[in-house]
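Notes follow the structure.
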Amino acid sequence: MSVTLFNTLTRTKETISGSPVKIYSCGPTVYNYAHIGNFRSYIFADILNRTLRLAGYPVLHAMNLTDVDDKTIKGAIELTQKNPGKYADLKEALHAYTAPYTEAFFADLKKLNIIPFDLHPRATDFIPAMLDLVERLIQAGIAYEQDGSVYYRIAEKKDYGKLSRVDLDKNKTGTRYNTDEYDKDDVRDFVLWKAEGKDGVHWHSDHGDGRPGWHLECSAMIHEIFKGPIDIHTGGVDLIFPHHENEIAQSEAAYGGEFVKHWAHCEHLLVDNRKMSKSAGNFFTLRDLLEQGKKPEVLRYFLLSAHYSQKINFTSDALDMAAASVDKFFSLMNRLGRTAKNQADVSPVLAAASEKARQNFLAELADDLNTPRALAVVHEYMREANAFIDTAKENLAAGDHTTILETLRFFDKLLGIIDLMPQAGVSAELQALLDERNQARAAKDFKRADALRDQLLKAGYKILDTKTGSHLEKV
RNA sequence: GGUGUCGUAGCCAAGUGGUAAGGCAGAGCUCUGCAAAAGCUCCAUCCCCGGUUCAAAUCCGGGCGACACCUCCA
């Protein structure tokens with residue numbers, strides 16, 4: 001099945017092609033723990049990845065790690081000051097500073113059950129490629145050197161602004177920039193290579209010691225890794241301008257031809273209807289949420305409950321609603337785990353409904369990753385499956401059992417929550433309490449039976465009384 | 001000021017020209033000793049005002065409101 005995706009460049013939905021589909025997703029700057037707004041973007045990349053795979057596309061997916069920028073350098077300098085003599089040079093300190101955040105990032109990806117990306121290029125490993133890009137731009141007459149820094153001359157790029165549709169002439173710049181503070185020929189020009197003295201993190205170059213500008217790394221790494229244009233480039237909407245606009249300007253001018261076929265951007269996660277951001281201070285990290293007892297699978301579900309192109313407001317209520325849906329899914333999984341299986345003929349009705357649900361689910365995803373609609377399909381199927389098990393009085397034909405389970409697992413190839421499902425281990429002690437409660441119940445000692453039920457609930461288990469007996473399920 | 005996005009039931013959220021998906025909450029019912037779980041049933045005419053059309057939540061114009069980018073930002 002072919003997948004369509006909205007392209008920011010053309011503002012239309014377009015069919016994805018490529019074998020493999022080459023994807024580059026803007027990843028984190030590892031100067032701190034990523035917050036869940038950042039993770040919306042990475043989950044978006046994950047959903048794209050999973051959808052393409054589910055639809056049968058081979059995929060080659062890279063997500064970068066920005067480990068050199070103002071913030072990481074600042075952190076490295078502070079680290080050096082706190083530990084005099086510990087690091088051979090600032091570059092070593094830089095790596096020491098970014099390493100724990102890099103590790104934390106990977107740990108969080110794992111906790112959220114994001115399928116590992118194929119490649120995670122680090123900016124500092126691609127300095128030569130970046131310098132090569134700078135040279136190409138200078139050769140092409142697009143970049144110029146000024147006091148050891150190299151700038152990109154925007155006036156040379158006739159179609160500058162085609163992605164974000166900004167017209168820089170119309171933007172008000174006077175209040176934002178003080179032209180006198182810049183050495184650039186034009187305030188709008190952006191830095192490719194930043195002069196950096198001995199007291200900063202620097203690499204040698206023909207233009208003197210310095211370090212790469214922000215936009216440089218993605219262009220250089222994409223060229224180095226994919227050896228040509230890529231199919232999809234993803235990121236948050238805030239990257240459209242100037243980051244992605246500048247990537248296009250650099251890459252097209254340096255390497256010629258097309259840079260990226262398809263630009264895909266996800267909207268922001270909001271808190272109190274404001275963008276979640278580090279600078280605003282209104283952010284939560286995944287760690288924060290887990291400490292509050294929130295579940296990663298619930299966060300995953302929550303992020304899928306709105307389309308990626310829409311803002312989504314992070315609230316306690318919204319998370320509770322997501323939790324209810326996740327519970328429903330897990331309850332059905334648990335229910336299947338304890339239904340009896342017989343050798344009766346399979347139900348053609350169930351088989352047809354299951355097949356249709358799978359097709360609809362995939363079709364919704366293939367249509368610009370419409371996760372809310374895909375979730376609607378899941379809910380409808382859960383209802384059908386539960387009704388089917390009701391009718392069968394918890395005694396299913398083995399084939400029907402398999403059909404339902406496999407369909408849920410099919411959905412999970414996208415949802416990615418089964419791996420995060422709590423294990424329902426019931427201790428002998430708990431089982432004894434349950435047995436005692438049922439004995440009391442049989443003896444019509446309901447007061448005692450209810451007391452034992454409360455006791456189990458306090459221990460974190462609710463009782464499910466079914467046709468086939470009583471079971472415990474973790475709350 | 002420029003450029004975008006959005007405004008759908010108590011809440012969340014799809015749909016974007018043919019008469020409102022799904023979820024949460026709520027109400028009634030079945031089942032149950034009672035409950036829980038599950039199932040069944042019920043629960044909106046789409047911010048406002050004009051216009052186009054046989055037909056508009058969906059297109060156009062004008063309001064009002066919210067958010068984002070133009071500065072580091074996913």
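Just the heavy atoms: all of them, side chains too, but no hydrogens, waters or symmetry mates, feed the values below. Reminder, nothing fancy here: chain letters follow the sequence lines and each chain counts from 1.
Comparing the P positions of rG4(B) and rA57(B) gives a spacing of 27 Å, expressed to the nearest Å. When the P atom is used for both rA36(B) and rA27(B), the distance is 11 Å, rounded to whole Å. For the C1' atom pair drawn from rA66(B) and rC48(B), the interatomic distance equals 15 Å after rounding to whole Å. Here, rG26(B) and rG65(B) have their P atoms 36 Å apart, quoted to the whole Å. For rU8(B) and rU3(B), the C1' atoms lie 26 Å apart once the distance is rounded to whole Å. Distance noted for atom C1' between rC54(B) and rA21(B): 27 Å (whole Å). A gap of 29 Å separates the P atoms of rC47(B) and rU41(B), to the nearest Å. For the P atoms, the distance linking rA25(B) with rG39(B) amounts to 12 Å, nearest Å.
Between Lys261(A) and Asp231(A) there is a salt bridge, since a side-chain N of the basic residue sits under 4.0 Å from a carboxylate O of the acidic one. Comment: Lys157(A) does not engage Asp189(A) in a salt bridge, judged by the lack of any side-chain N to carboxylate O separation of less than 4.0 angstrom. Taking 4.0 Å as the cut-off between side-chain N and carboxylate O, Glu380(A) and Arg383(A) do not count as a salt-bridged pair. No salt bridge links Arg373(A) with Asp368(A); every basic N to acidic carboxylate O contact stays at or beyond 4.0 Å. Glu196(A) has a carboxylate O that lies under 4.0 Å from a charged side-chain N of Arg211(A), or vice versa, which qualifies the two as a salt bridge. For the pair Arg409(A) and Asp412(A), the salt-bridge criterion is not met [side-chain N within less than 4.0 Å of a carboxylate O]. Comment: Arg335(A) engages Glu394(A) in a salt bridge, judged by a side-chain N to carboxylate O separation of less than 4.0 angstrom. With respect to Glu384(A) and Lys356(A), no salt bridge is recorded, no charged nitrogen being found less than 4.0 Å from a carboxylate O.
With rounding to whole Å, Leu452(A) atom CG is found 19 Å from rA36(B) atom P. Atom NZ in Lys474(A) sits roughly 17 Å away from atom C1' in rA36(B) (whole-Å rounding). Computed from coordinates, the Leu365(A) CG to rA14(B) C1' distance equals 13 Å when rounded to whole Å. Distance OH (Tyr381(A)) to C1' (rG39(B)): 16 Å, rounded to an integer number of Å. Remark: C1' of rA74(B) and CG of Asn282(A) are 13 Å apart, rounded to the nearest angstrom. Distance Leu319(A) CG to rA13(B) P: 13 Å, rounded to the nearest Å. The NZ atom of Lys162(A) sits 24 Å away from the P atom of rC69(B) (whole-angstrom rounding). Note: CG (Asn273(A)) to P (rG7(B)) measures 13 Å, nearest angstrom.
Base engagement by Lys311(A) is indicated by at least one non-hydrogen atom pair under 4.0 Å involving a base atom. Base contact: Arg437(A) has a heavy atom under 4.0 Å from a base atom. Residue Asp465(A) is classed as a base contact, given a heavy-atom separation below 4.0 Å to a base. Among the protein residues, Leu269(A) comes within range of the nucleic acid bases, having at least one heavy atom under 4.0 Å from a base atom. Residue Ser164(A) is classed as a sugar-phosphate contact, given heavy-atom separations below 4.0 Å to backbone atoms only. Here Ile463(A) lies in heavy-atom contact (under 4.0 Å) with a base. Gly37(A) comes within contact range of at least one nucleobase, with a heavy-atom separation under 4.0 Å. Within the 4.0 angstrom heavy-atom criterion, no nucleotide atom of any strand lies near Ala318(A). His307(A) comes within contact range of the sugar-phosphate backbone alone, with a heavy-atom separation under 4.0 Å but no base atom that close. Nucleic acid contact for Tyr42(A): sugar-phosphate only, since backbone atoms but no base atoms lie under 4.0 Å from a heavy atom of the residue.
Closest contact between the side chain of Gln310(A) and the listed nucleotides rC6(B), rU3(B), rG33(B) involves rC6(B). For Asp390(A), whose side chain is taken as the heavy atoms from C-beta onward, the closest listed nucleotide among rA38(B), rA74(B), rC31(B) is rA38(B). Residue Phe446(A) places its side chain closer to rG33(B) than to any other of rA14(B), rG33(B), rG39(B). Side chain of Lys467(A), nearest nucleotide from rC31(B), rA74(B), rA38(B): rC31(B).
Using Watson-Crick or G-U wobble geometry with both donor-acceptor distances under 3.5 Å, rG17(B) finds no partner in any strand shown. Here rC59(B) sits opposite rG51(B) as a Watson-Crick or G-U wobble pair (both hydrogen-bonding atom distances under 3.5 Å). Taking a pair to require two hydrogen-bonding distances under 3.5 Å in either a Watson-Crick or a G-U wobble arrangement, rC24(B) pairs with rG10(B). Base pairing of rA66(B) is made with rU5(B), judged by Watson-Crick or G-U wobble geometry with both donor-acceptor distances under 3.5 Å. Across all strands shown, rU45(B) forms no Watson-Crick or G-U wobble pair with both key distances under 3.5 Å. Base pairing annotation: rA38(B) forms a Watson-Crick or G-U wobble pair with rU30(B), both donor-acceptor distances under 3.5 Å.
Lys295(A) pairs by the salt bridge (Lys or Arg N to Asp or Glu O under 4.0 Å) definition with nothing, not counting sequence neighbours.
With hydrogens and angles left out, the side chain of Arg453(A) and the base of rA36(B) share no donor-acceptor pair within 3.5 Å. If you check distances only, the side chain of Asp317(A) never reaches the base of rG10(B) with a donor-acceptor pair under 3.5 Å.
Not one side-chain nitrogen or oxygen of Arg441(A) sits closer than 4.0 Å to the OP1 or OP2 atom of rU32(B). At rA14(B), none of the side-chain N or O atoms of Asn370(A) fall inside 4.0 Å of OP1 or OP2 (strictly under the cut-off).
Heavy-atom nearest nucleotides on RNA chain B were determined for Met382(A) and for Ile312(A), and the one closer to the 5' end corresponds to Ile312(A). Toward the 5′ end of RNA chain B lies the nearest nucleotide of Arg11(A), the other residue of the pair Asn38(A) and Arg11(A) mapping further downstream.
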What string of B, S and - do you get for nucleotides 17-24 of chain B, 5' to 3', if B is base contact, S is sugar-phosphate-only contact and - is no contact with any protein heavy atom under 4.0 Å?
-> ----BSBS

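Taking the six-membered ring where the residue is Trp, the centroids of Phe105(A) and Tyr42(A) are separated by under 6.0 Å.
Interatomic distance, Phe106(A) CZ to Lys111(A) NZ, rounded to the nearest 0.5 Å: 14.0 Å.
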